[in-house]
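These notes are about the structure you will find just below.
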Amino acid sequence: MKVGLFIPCYVDQFYPQVAIASLQLLEKLGCEVEFPMKQTCCGQPMANSGYEHLTAGCNDNFVDNFAGFDYIVCPSGSCTLHVKDHLHSHKNEQAAVTIRKRIYELSEFLTDVLQVKGLQARFPHKVGFHQSCHGQRGLHMSQMSELVAEPFSKPEQLLNQVEGIELVALTRKDECCGFGGTFCVAEEAVSAKMGKDRVADHLKQEVEYIAGADMSCLMHMEGILRRQKSPVKVIHIAEILNSTLHEPTA
Amino acid sequence: MNQPHKEHAELAEKFNADEDRVNWHDETLWWIRQKRDKIVWQLPEWEQLRETASQIKHNVLSHLSEYLLEFEANAQKNGVTVHWAANGEEHNKIVYKLLKEQGVTQMVKSKSMLTEECHLNEFLEKQGIEVVDTDLGERIVQLAKEPPSHIVLPCIHWKKEEIGELFHKFLGTPEGNADPQFLTHAARLALRQDFLTRKVALTGVNFAVAETGEFVVCTNEGNADMGAHLSNVHIASMGIEKLIPKRKHLGVFLRLLTRSATGQPITTYSSHFSKPRPGQQMHIILVDNGRSVHLGKEEFRNSLKCIRCGACMNTCPVYRRSGGHSYHNAVAGPIGSILAPNFDMRKNADLPFASTLCGSCSNVCPVKIDIHDQLYKWRQVLAKEGHTPKAKTAAMKVMAVTLSKPGIFTVAGKMGRIVMRNVPGLVNNKLNPWFKQREMPEAPKESFREWYQKNRKK
Ligand code: SF4
């Protein structure tokens with residue numbers, strides 16, 4: 001199975017450990033993974049600001065990089081959703097359509113395609129899991145609290161396989177953290193307040209880590225934690241699921 | 001954007017100056033969201049009910065002109081006078097004409113967001129007519145000379161102590177008394193006088209039934225009934241999208257409305273009005289005010305399904321932390337942000353951006369409006385039509401080039417990281433809004449791309 005690894009631009013630059021963990025995890029699970037070196041971005045920062053009409057070049061580049069893979073996997077629900085909903089190409093629409101169907105967020109790829117059971121991972125810490133909205137409400141990675149429907153959670157299904165982890169219950173289990181792309185600077189006051197409130201919910205449960213499947217939300221909450229000089233850290237789910245490699249069981 | 005009023009971000013920042021108040025506002029509305037969750041979980045068919053309502057409204061919007069004519073004919077048969085108003089101004093003039101015919105200078109009104117939209121109160125005041133809003137919440141904001149901040153809970157931004165002070169000033173209640181029951185009673189006594197002496201009453205309309213020509217008004221205080229029953233003339237103002245085809249469809253909407261709005265099974269009073277009592281006049285004003293233009297925009301048509309329950313506001317994490325007035329529009333919150341640009345794109349260009357696109361609004365909406373998708377679509381329209389800041393457009397154009405050229409992108413990323421690692425003062429300064437309340441991420445020594453080159457590309 002040939003997997004193209006799509007790493008969001010800010011993860012490439014600021015959180016290489018998340019990309020490394022994603023790569024190692026997929027390799028460990030038997031995938032043949034390639035990171036196409038000429039990839040840039042999914043174009044979401046432009047599109048969510050109202051400039052989807054400027055994303056053609058970016059989209060073409062995406063298609064050039066990711067056509068031909070069996071699957072495209074990305075450790076971000078938000079970027080995955082954007083590609084799924086908005087990737088088009090004047091040059092090669094057929095390839096764009098195929099990519100839209102074959103792109104998966106990392107944890108849903110593990111649960112739905114690889115159907116991973118009995119992961120070998122250990123992470124003996126108290127963890128709060130942040131449901132990022134685009135992954136949850138857009139990709140349906142977990143049930144949404146607004147709906148009268150059977151609960152489920154793909155990330156939790158994976159985290160529950162991790163040895164030693166203690167997942168806490170939050171007061172507001174799927175409230176937005178307030179990152180929101182350019183919202184985080186354009187609406188600084190509300191964005192920061194939302195972030196502070198979200199962080200406080202985790203801190204009330206005395207977590208050691210705030211985990212999530214979207215580094216953008218985690219970057220925002222990390223910024224708040226560090227400003228508050230809190231010892232609590234943020235961590236991407238890929239790092240937890242891959243944790244035996246870094247922290248061999250004692 | 002040269003706009004005469006302040007934008008959402010600025011007004012929201014002001015609201016956030018008092019953090020305790022923001023917490024209180026957020027908690028109060030979240031409590032209502034939880035009440036809603038609790039009661040909807042008691043109906044296993046909830047999602048089916050939402051889908052049914054959405055489909056019924058879909059049918060209405062596809063056949064609106066026919067239903068309107070059917071409704072008009074049936075209402076006339078019932079002895080009701082039907083008026084058509086193309087816009088708010090026409091609506092206000094019709095109301096004024098009816099008041100003049102009666103030779104009165106006073107009127108009671110029960111809550112109608114439509115009259116807020118048409119700015120009826122201001123118009124009538126200028127003509128020397130005194131309007132008394134009879135819903136408690138609406139009366140409070142009226143006394144305070146403010147617009148409502150929420151479509152169902154107009155004074156949700158007022159604390160009870162502040163209401164006590166306001167009533168002390170205007171209704172002469174004892175200073176320092178903030179007991180809600182006492183204050184409600186005081187307001188009722190004052191309003192009773194108004195009810196008994198006003199000859200004309202105006203109400204809103206929640207649902208109008210094409211099949212029968214009747215209309216339904218939902219209130220918790222019974223003030224609409226009181227006003228209408230004691231008046232010689234009952235005027236009902238409704239937006240043309242309030243129609244439903246048949247009486248049997250009412251059950252679907254009445255079950256959804258208040259569960260979504262406040263977590264009650266049904267409003268205390270769901271009053272059906274079909275014909276005037278002997279000697280009374282009943283008028284219905286059908287108001288377009290931009291709705292038919294809106295109907296013509298296929299991508300945005302769904303928002304006309306709205307039954308004004310307010311659930312999207314209660315669940316919106318941005319609304320809860322920015323307050324209704326930050327939306328500078330009669331209808332605030334997520335639904336306001338997709339309705340307002342229809343009226344005035346320029347004035348309301350900021351509103352579709354006052355959202356993280358988290359999608360919670362679309363999930364609670366009882367008629368399944370794709371609210372967050374419409375916010376996204378409005379952003380595209382606004383940027384294309386030049387209603388976004390010029391600097392932003394310029395930055396986006398640079399970004400577009402960078403992202404289509406992998407070579408430039410790699411260099412730009414690396415440069416950015418080097419800058420952040422070595423000169424943190426450059427980015428971590430007051431001019432960077434991110435840094436006001438958050439630290440920047442620490443720049444690592446190498447990017448993933450560089451690591452990959454070394455470790456996998458041998
Ligand atoms: S958009 Fe939906 S949730 Fe919001 S007020 Fe209208 S009906 Fe209620």
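If you're wondering where the values come from, they're calculated on a predicted model, not measured in any experiment. Residue numbers start from 1 in every chain, and the chains themselves are labelled A, B, ... in the order their sequence lines are given, proteins ahead of strands.
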| When only pairs under 4.5 Å are counted, which of A:F35, A:F62, A:F179 shares the most heavy-atom pairs with chain B? | A:F35

| request: Could you tell me which portion of B:K397 (side chain, backbone, both or neither) has an atom closer than 4.5 angstrom to a non-hydrogen atom of chain A? | output: both

| task | Using a cut-off of 6.0 Å, state whether more than 12 heavy atoms not belonging to A:K204 lie near its atom NZ. | result | yes

| Under 3.5 Å: donor-acceptor pair, side chain of A:D12, backbone of B:S447 | no

| remark: Bottom line for B:V22: the part with an atom under 4.5 Å from chain A's heavy atoms is side chain

| remark: Taken to the nearest 0.5 Å, the spacing of A:T40 OG1 from B:K405 NZ works out to 10.5 Å

| task | Would you mind telling me which of B:M399, B:E45, B:M396, B:R320 has the largest number of heavy-atom pairs within less than 4.5 Å of chain A? | result | B:M396

| query | What residue, out of A:V190, A:L147, A:L54, A:N61, has the most heavy-atom pairs lying under 4.5 Å from chain B? | reply | A:L147

| task | Under 4.5 Å heavy-atom distance to chain B, tell me which part of A:L218 shows up: side chain, backbone, both or neither. | result | neither

| field | Heavy-atom side-chain proximity of A:M215 to B:P441 below 4.5 angstrom | value | no

| request: Mark yes when over 12 heavy atoms from residues, nucleotides or ligands other than B:E47 sit less than 6.0 Å from its CD; otherwise mark no. | output: yes

| message | Just so I understand: if I count every heavy-atom pair under 4.5 Å between each of A:G178, A:S49, A:A186, A:G57 and chain B, which residue has the most? | response | A:S49

| field | B:Q437 (side chain) donor-acceptor with A:K193 (main chain) under 3.5 angstrom | value | no

| B:W31, CH2: over 12 other non-hydrogen atoms inside 6.0 angstrom | no

| field | Minimum-distance pair of heavy atoms, taken over all atoms of A:N48 and B:F353 | value | O-CE2, 4.3 Å

| query | How many angstroms lie between OG1 in A:T55 and CG in B:L403, if you round to the nearest 0.5 Å? | reply | 10.0 Å

| query | Any idea which heavy atoms bring B:A354 and A:F183 closest together, and the distance? | reply | C-CE1, 3.9 Å

| field | Test ring-ring contact (aromatic ring centres under 6.0 Å, His included) applied to B:Y376 and A:H82, step by step | value | CA-CA 12 Å; B:Y376 177 87; A:H82 182 74; 7.1 Å; no

| task | Using non-hydrogen atoms and a 4.5 Å limit, figure out which bit of A:S132 sits close to chain B: side chain, backbone, both or neither. | result | neither

| Residue selection (most heavy-atom pairs with chain A, distance under 4.5 Å) from B:T402, B:L43, B:N23 | B:N23

| message | I need the B:F448 CZ to A:C9 SG distance, nearest 0.5 Å. | response | 14.0 Å

| said: Can you confirm whether B:K377 is buried at NZ, in the sense that more than 12 heavy atoms of other residues, nucleotides or ligands lie under 6.0 Å from that atom? | reply: yes

| said: So does A:G180 get a backbone contact from the side chain of B:T356, meaning a donor-acceptor N/O pair under 3.5 Å? | reply: no

| remark: Heavy-atom nearest pair, A:V185 first then B:W434, reads CG1-N, 3.8 Å

| request: May I ask you to decide whether A:R172 forms a salt bridge with B:D26, counting only side-chain N to carboxylate O separations under 4.0 Å? | output: yes

| message | For B:W46, which atoms come within 4.5 Å of any heavy atom of chain A: side chain, backbone, both, or neither? | response | side chain

| remark: Bottom line for A:A47: the part with an atom under 4.5 Å from chain B's heavy atoms is both

| note | Answer key: most heavy-atom pairs under 4.5 Å with chain A among B:P352, B:G407, B:S322, B:S355 is B:S355

| said: Under 6.0 Å from the ring centre and within 45 degrees of the ring axis: does the NZ or CZ of A:R227 meet both conditions for the six-membered ring of B:F435? | reply: yes

| For B:T393, is it the side chain, the backbone, both or neither that has a heavy atom under 4.5 Å from a heavy atom of chain A? | both

| request: Supply the atom-to-atom distance B:D373 CG to A:D85 CG, rounded to the nearest 0.5 angstrom. | output: 7.5 Å

| query | Is there a donor-acceptor pair under 3.5 Å between the side chain of B:N363 and the backbone N or O of A:E146? | reply | no

| message | Quick check on the interface: out of A:C184, A:S191, A:C41, A:G43, who has the most heavy-atom pairs with chain B under 4.5 Å? | response | A:C184

| field | Which atoms of B:L375 approach chain A - backbone, side chain, both or neither, heavy atom under 4.5 Å | value | neither

| said: Once rounded to the nearest 0.5 Å, what's the spacing between atom CG of B:L357 and atom SG of A:C176? | reply: 9.0 Å

| request: Tell me, for B:K392 versus chain A, whether the close heavy atoms (under 4.5 Å) come from the side chain, the backbone, both or neither. | output: both

| query | Is the closest basic N to carboxylate O distance between A:E52 and B:K384 below 4.0 Å? | reply | no

| message | So which atom in B:A12 and which in A:E187 form the shortest heavy-atom distance, rounded to 0.1 Å? | response | CB-OE1, 4.0 Å

| message | Nearest 0.5 angstrom please: A:R137 CZ to B:H372 NE2, how far? | response | 9.0 Å

| Most chain B-contacting option - heavy-atom pairs closer than 4.5 Å, from A:G138, A:G223, A:A189, A:C133 | A:G223

| request: Below 4.5 Å from any heavy atom of chain B, which atoms of A:Q131 appear? Answer side chain, backbone, both or neither. | output: neither

| said: If the threshold is 4.0 Å, N to carboxylate O, is there a salt bridge linking A:E222 and B:R438? | reply: no

| request: Examine whether an atom of A:V199 lies under 4.5 Å from a heavy atom of chain B, and if so say whether it belongs to the side chain, the backbone or both; otherwise answer neither. | output: neither

| query | Using non-hydrogen atoms only, which part of A:L23 is less than 4.5 Å away from chain B: side chain, backbone, both, or neither? | reply | side chain

| request: Search all heavy atoms of B:V40 against all heavy atoms of A:V148 and return the closest pair with its distance. | output: O-CG2, 3.6 Å

| query | For B:Q380 and A:H53, what are the C-alpha separation, side-chain angles and deciding distance, and is it a side-chain hydrogen bond (donor to acceptor under 3.5 Å, both in side chains)? | reply | CA-CA 8 Å; B:Q380 311 308 321; A:H53 60 285; 5.0 Å; no

| remark: Among B:A395, B:P317, B:C358, B:A400, the residue with the most heavy-atom pairs under 4.5 Å to chain A is B:C358

| field | Nearest heavy-atom neighbours spanning A:V33 and B:Y452 | value | O-OH, 4.1 Å

| request: Sort out for me which of A:E175, A:E34, A:Q228 touches chain B most, counting heavy-atom pairs under 4.5 Å. | output: A:E175

